[in-house]
Amino acid sequence: MTEQVAQAETTGQGATTPPFRYTPELANTIELAWQERWQAEGTFEAPNPVGDLSERTEGAQVPGESFFVMDMFPYPSGKGLHVGHPLGYIATDVTGRFERMRGKNVLHALGYDAFGLPAEQYAVQTGQHPAITTDENIAVMRGQLRRLGLGHDDRRSFATTDPEFVRWTQWIFLQIFHSWFDPSATAPDGSAGAARPVAELVATFASGERDLPEPHLGRAWSDLSPREREDVLAGYRLAFVADVPVNWCPGLGTVLANEEVTADGRSERGNFPVFKRNLRQWVMRITSYADRLVADLDELEWPEKVKIMQRHWIGRSEGAHVDFAVDGASEPLTVFTTRPDTLFGATYAVVAPEHPLVDELLSAPTAAGWGEDVPSSWTGDAATPAEAVRAYVAAAAAKTPEERQADAGAKTGVFTGGYAVNPVDGEALPIFVADYVLMGYGTGAIMAVPGHDQRDHAFATAYDLPIREVVSGAPDGVADAAWTGDGVAVHSANAEVSLDGLPVAEAKRVIIAWLQEKGAGRGTTTYRLRDWLFSRQRYWGEPFPVVYDVEDGRVVPVPESMLPVALPEVADFSPRTFDVDDADSDPESPLSRATEWATVELDLGEGVRTYRRDTNTMPNWAGSCWYYLRYLDPTNADVAVAPELERYWMSPQPDGPRGTTGGVDLYVGGVEHAVLHLLYSRFWHKVLFDLGVVSSREPFHKLFNQGYIQAYAYTDARGVYVPAEEVVEVAGTGGAEPTFTWNGESVNREYGKMGKSLKNMVTPDDMYASYGADTFRVYEMSMGPLDQSRAWETRAVVGAQRFLQRLWRTIVDETTGEVVVADGAGALETRRAVARTVADVTVEYAAMRPNTAIAKLITLTNHLTAAPEVPREAAEALVLMTAPVAPHIAEELWQRLGHTSSLTHHPFPVADPELLVEDTVTCIVQVAGKVRDRLEVDPSIEADALEALALATEGVQRTLQGAPPRKVIVRAPRLVNIVP
RNA sequence: GCGCGAGUGGCGGAAUUGGCAGACGCGCAGGAUUUAGGUUCCUGUGUCUUCGGGCGUGCGGGUUCAAGUCCCGCCUCGCGCACCA
């Protein structure tokens with residue numbers, strides 16, 4: 001008790017504070033006690049239908065309706081949380097607690113995505129093993145979050161770095177490795193194309209049913225060496241090793257996925273230059289799933305914005321490949337176009353500077369000198385095409401990414417001297433090399449149709465190339481601007497085929513059919529999506545569960561019995577980094593220096609042989625690709641997840657909340673993971689689905705992106721940040737903007753992130769100490785819609801505190817500590833108010849709008865505060881409804897109201913429908929659309945009677961001044977509008 | 001440039017099958033309690049007003065008895081993509 005008094009004095013609670021007021025000190029006492037009790041009683045433990053985590057009671061059954069709610073799991077950074085971090089966790093907790101009270105079996109847990117760079121970099125600096133750093137950080141973060149009172153099932157928490165978790169990550173990797181994508185297979189959901197075991201593929205090769213691909217065509221499977229066989233299979237496996245062009249970043253000492261490289265060719269993290277290199281790396285064949293990844297987006301309850309971002313990322317594009325014969329080249333030039341219907345309008349062709357044809361044309365006779373009639377603008381002022389092309393290609397390669405960005409739009413290029421023959425009319429089209437064509441998309445070559453493509457039009461205008469109209473529809477022709485809209489084909493016929501008069505879609509079909517017949521082209525679909533580079537030259541990640549034969553270099557998977565493959569202890573955790581511009585350097589991972597670990601003698605069924613381990617590790621995405629499955633069955637030592645548990649928590653419900661896809665019921669996180677994490681997870685999940693490991697075809701059925709909490713920061717005249725909490729706001733006079741001062745000095749206000757360096761950081765611990773967790777939770781939930789970003793304002797937190805104090809006071813006498821509720825249901829007016837609130841709050845919670853739910857709870861609380869007495873029925877309903885947002889105070893009040901067990905699983909109140917029907921309703925009486933009077937009327941009043949009443953009102957009489965109404969609109973019983 | 005989203009009091013926001021604009025909270029003003037400050041409580045608070053009412057949801061048009069909400073055209077801000085053939 002003495003301690004409480006001492007605290008009270010330091011926090012400004014004077015001697016006059018009533019002894020039983022809901023003060024921050026009391027809130028803290030209540031909160032800590034209930035957190036203890038929840039833990040002791042295992043209140044939030046969600047029973048599984050079978051296995052270790054099922055209910056031990058004989059004959060106990062789990063609820064039929066399950067609700068799996070998840071947060072995007074955090075990286076335990078060690079920098080400490082600020083008040084913005086828990087926003088999503090509170091939101092999922094509120095929803096989880098609400099659904100629990102609605103009788104569902106709610107699974108809510110939080111794990112840690114603990115592999116990654118910060119721990120590794122800390123290890124590099126200090127020599128401390130990243131595992132130690134990670135464990136410490138997780139412990140700190142668990143403590144901070146526990147104080148929030150989140151209803152998590154702690155038995156299901158884990159870190160991706162736990163050996164047991166790594167084991168199953170590696171196991172899934174092996175499943176993917178042992179699978180190939182059979183385009184002729186049917187997936188369990190009926191999709192065309194599915195993952196099948198590689199063993200099936202091998203059987204078809206062995207039996208001769210399937211021909212071997214180049215360069216082994218015509219040979220027998222049994223004649224191939226083990227290495228040759230593995231090389232063949234690498235062309236099929238969903239996870240394979242290949243020499244691939246990768247993004248080598250010398251500054252970081254690692255290669256990066258395309259997605260980790262910015263549009264201007266630098267590393268997303270660190271902003272270092274990135275170079276293209278060919279390296280032997282793991283690749284995941286995600287492109288095989290491109291179609292299904294696009295198609296199934298339609299079935300998901302995701303924000304449209306995220307679906308659009310994924311569709312764009314995959315970049316599915318239907319069109320055609322068309323072959324143009326080229327004089328002096330060994331192979332025809334194949335271009336990709338989405339507009340084969342405009343083939344007759346092609347007037348030149350363009351290849352990217354990196355296109356292989358460029359080299360070939362350099363040695364062709366046509367490159368030795370400019371032909372007659374070649375305009376000077378095509379030559380780049382060079383003596384020969386060879387010279388012009390060399391100079392142009394060199395200049396393009398030397399362009400910095402910034403310059404490339406800046407030049408986008410301005411079209412440059414040179415004529416190669418070569419000509420491509422248009423298969424539809426035999427016309428020889430000059431071939432240009434120009435950097436507006438990208439090697440990384442389609443075939444790196446295009447047919448240019450300036451009449452119907454803006455970029456081609458700009459280039460044609462700059463280089464005096466002909467522009468032809470082959471699709472009608474442009475109001476002013478195509479001389480000044482390309483026409484990309486609809487229309488019918490014109491001037492598009494040869495002796496065998498005519499597109500003239502056909503609309504675009506029809507023309508495409510006809511010309512593709514003709515090209516196919518002639519062997520000059522074929523319909524095709526391309527994607528922007530690339531296969532996923534899956535190796536990193538890092539220490540703190542999952543090792544690959546494979547070894548390489550030292551003699552032939554072939555990859556051999558480690559048997560499942562040997563999982564997990566653990567990381568070795570090393571002296572130095574850093575990859576070798578290089579000068580940021582050293583493009584010729586070679587990656588050297590930390591694991592490659594662990595020589596004892598890297599070379600092993602194993603018997604993998606071929607007798608004891610010497611193998612070399614893979615010294616790369618998996619990227620950070622690996623663990624987050626499947627962690628949701630492990631929440632379901634975290635202790636299972638036999639399988640990654642028991643099929644029965646996956647079905648219980650995630651299976652599709654064609655007519656239910658999980659739809660046709662199945663998956664997590666609710667997944668909440670920031671929009672920054674819109675593409676990468678969510679796309680990779682979907683890919684892995686679909687592979688597991690095809691293999692029968694899971695019954696759901698998508699991992700996350702409903703996705704919700706929460707907004708961010710932002711904050712003001714203040715800089716003084718020198719631009720140095722000053723402590724935001726010491727800044728004083730000075731109201732502007734005469735409507736002027738307010739100004740801000742710090743120590744009397746005028747300071748400038750900025751809006752943005754919260755952080756230590758900006759001196760505007762507010763932590764959850766600050767909030768617990770000053771207000772308690774419940775007040776903090778209510779404030780965060782009442783700030784505004786969950787999906788919007790908003791500004792943190794510490795001084796506004798008091799509003800949430802006052803609400804909880806009033807709630808407390810409606811039930812507990814502040815001076816005596818007695819429960820003051822009156823027995824019974826209370827006055828009709830109060831019962832109606834309660835019923836109305838129950839109905840509204842249920843809707844708001846269910847729609848994830850805690851802000852409006854809280855507003856209605858405050859309204860009811862204010863109503864009860866003003867009432868002469870608080871009936872028990874109202875008090876109990878209010879407490880139960882408040883529980884999702886402020887669980888500790890709700891539990892405490894619930895107990896004081898005489899209940900002995902936690903309200904966590906108590907049914908959420910249901911409104912009596914009879915109380916929702918009003919005795920009278922307020923009818924709005926308008927004249928010319930403006931409210932002039934109001935009437936209290938019977939809800940079942942007839943239109944005629946209401947009209948008569950309305951016309952007689954004082955407001956109407958005064959406004960009409962005796963003028964007769966021209967028209968009266970009656971919407972009984974709510975509204976009458978009189979048109980004068 | 002293309003795509004998506006958003007503009008409502010001093011501030012955060014509420015209200016869209018079209019039907020009382022500003023719920024709820026902060027702030028502010030006045031009052032009660034207190035030695036005082038703070039806390040807590042009560043009342044008021046879009047704006048102008050001749051107290052009848054007028055005006056008001058980024059701007060300009062339109063549809064309608066009635067528009068924050070629907071339609072057309074702009075402006076501003078935020079986000080995503082960025083020569084994707």
Side-chain angles (χ1 to χ4, degrees), chain A residues 11-18 21 23 263-264 303-309 312-313 315 317 319 335-339 342 350 404-405 407-411 434-438 440-449 452-456 458-459 526-528 671 674-675 729 731-732 735 737-738 778-779 782-785 787-803 805-806 809 814 849 851-859 862 865-866 922-932 934 958-959 965-971 974-980:
Chain A
T11 52
Q13 299 291 336
T16 54
T17 304
R21 169 163 293 175
T23 59
D264 57 357
E304 201 52 40
K305 174 182 171 158
V306 176
K307 290 189 186 182
I308 289 169
M309 283 164 72
H312 181 260
W313 188 264
S317 174
V335 305
F336 174 70
T337 177
T338 55
R339 294 295 303 274
T342 62
V350 186
R404 213 174 267 264
Q405 280 285 94
D407 292 350
K411 302 286 179 287
D435 67 358
Y436 82 90
V437 170
L438 310 175
Y441 185 78
T443 61
I446 61 157
M447 63 173 204
V449 185
H452 303 284
D453 181 281
Q454 283 174 21
R455 295 152 302 186
D456 297 343
F459 190 86
T526 61
Y527 302 90
R528 210 183 76 113
V671 74
V675 176
E729 179 175 345
E737 293 287 305
V778 169
Y779 173 63
S782 65
M783 289 169 81
D787 55 359
Q788 260 175 47
S789 293
R790 51 316 255 309
W792 178 263
E793 199 183 358
T794 300
R795 68 177 179 180
V797 178
V798 71
Q801 188 186 29
R802 285 179 192 148
F803 160 53
Q805 279 181 340
R806 274 201 299 279
R809 205 161 40 233
E814 287 189 332
R849 289 191 296 256
N851 54 324
T852 45
I854 290 168
K856 288 167 198 305
L857 293 173
I858 292 174
T859 307
N862 292 348
T865 308
T922 305
C923 175
I924 311 307
V925 183
Q926 298 178 331
V927 177
K930 292 191 162 49
V931 180
R932 296 300 173 185
R934 289 178 175 79
R958 189 176 58 226
T959 315
R966 267 201 298 143
K967 192 172 174 186
V968 181
I969 283 90
V970 182
R971 291 279 176 276
R974 295 275 176 195
L975 176 127
V976 177
N977 188 14
I978 296 156
V979 187

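Just the heavy atoms: all of them, side chains too, but no hydrogens, waters or symmetry mates, feed the values below. In what follows, chains carry the letters A, B, and so on, assigned in the order in which the sequence lines appear, proteins first and then strands, with residues in each chain numbered from 1.
Rounded to a whole Å, the CG atom of A:Leu438 is 9 Å from the C1' atom of B:A85. Distance, A:Tyr436 OH to B:A85 P: 13 Å, rounded to whole Å. Per the geometry, NE2 belonging to A:His312 stands 12 Å off C1' belonging to B:C83, to the nearest Å. Rounded to whole angstrom, the span from the CZ atom of A:Arg21 across to the P atom of B:U33 amounts to 16 Å. If you measure from atom CG of A:Asp787 to atom P of B:C4, you get 18 Å, rounded to the nearest angstrom.
The aromatic rings of A:Phe459 and A:Tyr436 sit tilted relative to each other, their planes meeting at an angle between 30° and 60°.
The minimum heavy-atom distance between A:Asn977 and A:Gly929, with the atom names listed, is OD1-N, 3.0 Å. Nearest heavy atom pair, residue A:Pro785 against residue A:Arg790, reads O-NH2, 3.0 Å.
A gap of 15 Å separates the C1' atoms of B:G62 and B:U69, to the nearest Å. Nucleotides B:C42 and B:U47 place their P atoms 23 Å apart, quoted to the nearest Å. For B:C59 and B:C24, the P atoms lie 26 Å apart once the distance is rounded to whole Å. Remark: the separation of the C1' atoms in B:U16 and B:A23 is 15 Å, to the nearest Å. Nucleotides B:G18 and B:C65 have their P atoms positioned 15 Å apart, rounded to a whole Å. Nucleotides B:U64 and B:C83 are separated by 47 Å at their C1' atoms, to the nearest Å. For B:U57 and B:A15, the C1' atoms lie 11 Å apart once the distance is rounded to whole Å. With both ends at atom P, the span from B:G12 to B:G56 equals 22 Å, rounded to whole Å.
A sub-4.0 Å separation between OP1 or OP2 of B:C65 and a side-chain N or O of A:Lys967 is present. For B:A82, one of the phosphate oxygens OP1 or OP2 lies less than 4.0 angstrom from a side-chain nitrogen or oxygen of A:Arg528.
The side chain to side chain donor-acceptor pair (under 3.5 Å) search around A:Gln805 returns none, not counting sequence neighbours.
Along RNA chain B, the nucleotide nearest A:Thr959 and the nucleotide nearest A:Thr443 are compared for position; the residue whose nucleotide lies closer to the 5' end is A:Thr959. Mapping A:Ile308 and A:Gly315 onto RNA chain B by nearest heavy atom places A:Ile308 at the nucleotide closer to the 5' end.
By the rule that a glycosidic angle within 90° of 0 means syn, B:G9 counts as syn. With its glycosidic angle more than 90° from 0, B:G38 is assigned anti.
To the nearest 0.5 Å, the span separating OG1 on A:Thr959 from CZ on A:Arg932 amounts to 4.5 Å.
A donor-acceptor contact under 3.5 angstrom links the side-chain atoms of A:Lys411 to the base of B:C83.
Nearest to the side-chain atoms of A:Asp453 among the listed nucleotides B:A85, B:G53, B:A82 stands B:A85. Between B:G53, B:C4, B:C83, one nucleotide has an atom nearer to the side chain of A:Arg932 than all others, and that is B:G53.
The closest side-chain heavy-atom distance from A:Arg806 to A:Ile858 is below 4.5 Å. When side chains are defined from C-beta on, A:Val449 does not count as touching A:Thr337, because their heavy atoms never get closer than 4.5 Å. Residues A:Glu304 and A:Ile308 are in side-chain contact: their nearest non-hydrogen atoms beyond the backbone lie under 4.5 Å apart.
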Dot-bracket for RNA chain B, 5' to 3', counting Watson-Crick or G-U wobble pairs under 3.5 Å, with [ ] for crossing pairs and | for inter-strand pairs? (((((((..(((......[....)))((((((.......))))))(((....)))..(((((..]....))))))))))))....
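Without hydrogens or angle criteria, A:Tyr779 side chain to A:Thr794 main chain gives no donor-acceptor distance under 3.5 Å.
Backbone-only engagement by A:Ser317 is indicated by non-hydrogen atom pairs under 4.0 Å involving sugar-phosphate atoms exclusively. Contacts of A:Gln805 with the nucleic acid, taken as non-hydrogen atoms under 4.0 Å apart, involve only primed sugar atoms and P, OP1 or OP2.
Other residues, nucleotides and ligands contribute only 12 or fewer heavy atoms inside 6.0 Å of the CD atom of A:Gln454.
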Can you check each nucleotide of nucleotides 9-27 of chain B against protein heavy atoms at under 4.0 Å and return B for base, S for sugar-phosphate only, - for none, in 5' to 3' order? ---SSS----BB--BSSSS
Hey, mind stepping through A:Lys305 and A:Val671 against side-chain contact (heavy atoms from CB on, under 4.5 Å) and telling me if it holds? CA-CA 9 Å; A:Lys305 174 182 171 158; A:Val671 74; 4.1 Å; yes
